[in-house]
Amino acid sequence: MIKLISALFFTAILITGCGDRKPETVVKKDSTEKMTIKKDTAVTVRKEMKTKTGKEFVIVETKPSYSVSDYMITGVGFPNSTDTIRYSMKNPMTTAMVADLDKNGFDELYILTKATGSGSFVDILGVASVDDKTFGEIIVQEITDKDVEKNEMFSGYMGQDSVYISDNKIIREFPVYKSNDMNSKPTGGSRRITYTLKPGTQYQLVVTGRDDMK
């Protein structure tokens, strides 16, 4: 009887202990460019991107859900800034990169995000260094409904795009869909859209070119 009571008491302690255990938040530090999208929404991704002048952009991505991410971007080594740039309800990050697109000697930060749906649409988030003293958000020209109309810059665009840097420009390349095309079989060739960084009171990444390929 005593052995039975002891066994029941020990089992009760185990059950109580398991019930009090709280899920841990895992912080992952990764300095590589490619990021793996995880289904574990408790994961926080931290990424540190060093510029050629020794400054550092720190990206912290948290996931309210599998398909949605929030971002917090801070800087290290910028003497006049303790600012934090935040983006909410964006797509998950796939890649981050630094580049000096306007050739002023100071690298910008670019974060590429990708939708988890069938279109896999890529969006660009940007942060510019201001003379390496402070930093601020880059306004990225959005793709509007008018842009995807016939004979417009993004006509035939349905996602499936890739974004990369070439010759101090950001290039968006995507297959072109005709009106009767199936999602898996675009027949309109492909297109490259060129973005250029425009400095000013606020930096802007704007579309400046188009190249259609068959």
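The model shown is predicted, which means the values in this text are computed figures rather than measured ones.
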So which pairs with a foot in residues 197-206 pass salt bridge (Lys or Arg N to Asp or Glu O under 4.0 Å), sequence neighbours left out? none
Quick test of your reading: applying salt bridge (Lys or Arg N to Asp or Glu O under 4.0 Å), list the pairs with at least one residue in residues 81-92, sequence neighbours left out, ordered by first then second residue. none
Might you work through the side chain to side chain contact (heavy atoms under 4.5 Å, CB included) test for Val58 and Val76, ending with a clear yes or no? CA-CA 8 Å; Val58 180; Val76 177; 4.0 Å; yes
Any link between Met72 and Val68 through a network of hydrophobic side chains (Ile, Leu, Val, Met, Phe, Trp, Tyr) touching at under 4.5 Å? no
Can you list the steps and then say if Glu108 with Leu197 is a side chain to side chain contact (heavy atoms under 4.5 Å, CB included)? CA-CA 10 Å; Glu108 309 91 44; Leu197 183 64; 3.4 Å; yes
Residues in side-chain hydrogen bond (donor to acceptor under 3.5 Å, both in side chains) with Ser162, at least two apart? none
Which atoms form the tightest heavy-atom contact between Pro175 and Gly159, and what is the distance? CD-O, 3.8 Å
Can you name the side chain to side chain contact (heavy atoms under 4.5 Å, CB included) partners of Asp107, sequence neighbours left out? Thr51, Lys52, Val98, Asp100
Members sharing Met158's hydrophobic cluster (side chains within less than 4.5 Å): Tyr177
Heavy-atom closest pair (Ser69 atom, Lys63 atom, distance to 0.1 Å) is OG-NZ, 3.5 Å
Could you list the residues that satisfy side chain to side chain contact (heavy atoms under 4.5 Å, CB included) with Lys146, not counting sequence neighbours? Thr144, Glu149, Glu152
Within one Ile-Leu-Val-Met-Phe-Trp-Tyr cluster: Ile139 and Tyr87, side-chain cutoff 4.5 Å: no
I'd like to check the side chain to side chain contact (heavy atoms under 4.5 Å, CB included) partners of Ser88; sequence neighbours left out, ordered by chain and number. Asp70
Would you say that Met153 contacts Ile193 through its side chain, given a criterion of any heavy-atom pair below 4.5 Å between the two side chains? yes
Tell me, which pairs form a ring-ring contact (aromatic ring centres under 6.0 Å, His included) where one or both residues lie in residues 104-127, sequence neighbours left out? Phe121-Tyr157
Apply side-chain hydrogen bond (donor to acceptor under 3.5 Å, both in side chains) to Thr187 and list each qualifying residue two or more places apart in sequence or on a separate chain. Asp181
Quick one: does Val60's side chain get under 4.5 Å of Val45's, heavy atoms only? no
Please tell me if the side chains of Lys55 and Asp132 come closer than 4.5 Å, counting only heavy atoms from C-beta onward. yes
Distance-minimising heavy-atom pair for Glu137 and Ile85: N-CD1, 3.6 Å
I'd like to know whether Val207 forms a side chain to side chain contact (heavy atoms under 4.5 Å, CB included) with Thr194, so could you lay out the CA-CA distance, the side-chain angles of the two residues, the decisive distance to 0.1 Å, and finally the verdict. CA-CA 6 Å; Val207 173; Thr194 301; over 6 Å; no
Which heavy atom of Arg210 sits nearest to which heavy atom of Asn151, and what is that distance? NH1-O, 4.3 Å
Residues Asp212, Lys214: salt bridge by 4.0 Å N-O rule: no
Hey, does the side chain of Gln202 reach the backbone of Ile138 with a donor-acceptor pair shorter than 3.5 angstrom? no
Do the non-hydrogen side-chain atoms of Leu101 and Ile165 ever get within less than 4.5 Å of each other? yes
Can you run down the ring-ring contact (aromatic ring centres under 6.0 Å, His included) pairs that involve residues 183-214, sequence neighbours left out, and say none if there aren't any? none
What's the verdict on side chain to side chain donor-acceptor pair (under 3.5 Å) for Thr134 and Asn80, showing C-alpha distance, side-chain angles and the deciding distance? CA-CA 5 Å; Thr134 186; Asn80 296 340; over 6 Å; no
Side chain to side chain contact (heavy atoms under 4.5 Å, CB included), that's the test. Do Ser129 and Phe78 meet it? Break it down for me. CA-CA 9 Å; Ser129 167; Phe78 295 87; 3.7 Å; yes
Look at Glu48 together with Lys50 and state whether they make a salt bridge at an N to O cut-off of under 4.0 Å. no
Distance check, rounded to the nearest 0.5 Å: Ile73 atom CD1 versus Leu125 atom CG? 6.5 Å
Is the count of non-hydrogen atoms from other residues, nucleotides or ligands lying under 6.0 Å from Met213 atom CE greater than 12? yes
Would you give the length of the straight line joining atom OG1 of Thr74 to atom CD1 of Ile59, rounded to the nearest 0.5 angstrom? 9.5 Å
Minimal heavy-atom distance between Asp145 and Val148, with the atoms involved, is O-CG2, 3.1 Å
Got Ile124 and Leu205 here, is their nearest side-chain heavy-atom distance under 4.5 Å? yes
Under the rule for ring pair (Phe, Tyr, Trp, His ring centres under 6.0 Å), what residues qualify as partners of Tyr71, not counting sequence neighbours? none
Within residues 157-171 or reaching into it, pairs that qualify as salt bridge (Lys or Arg N to Asp or Glu O under 4.0 Å) - sequence neighbours excluded: Asp161-Arg172
Spell out, as yes or no, whether a donor-acceptor pair under 3.5 Å connects the side chain of Ser67 to the backbone of Thr116. no
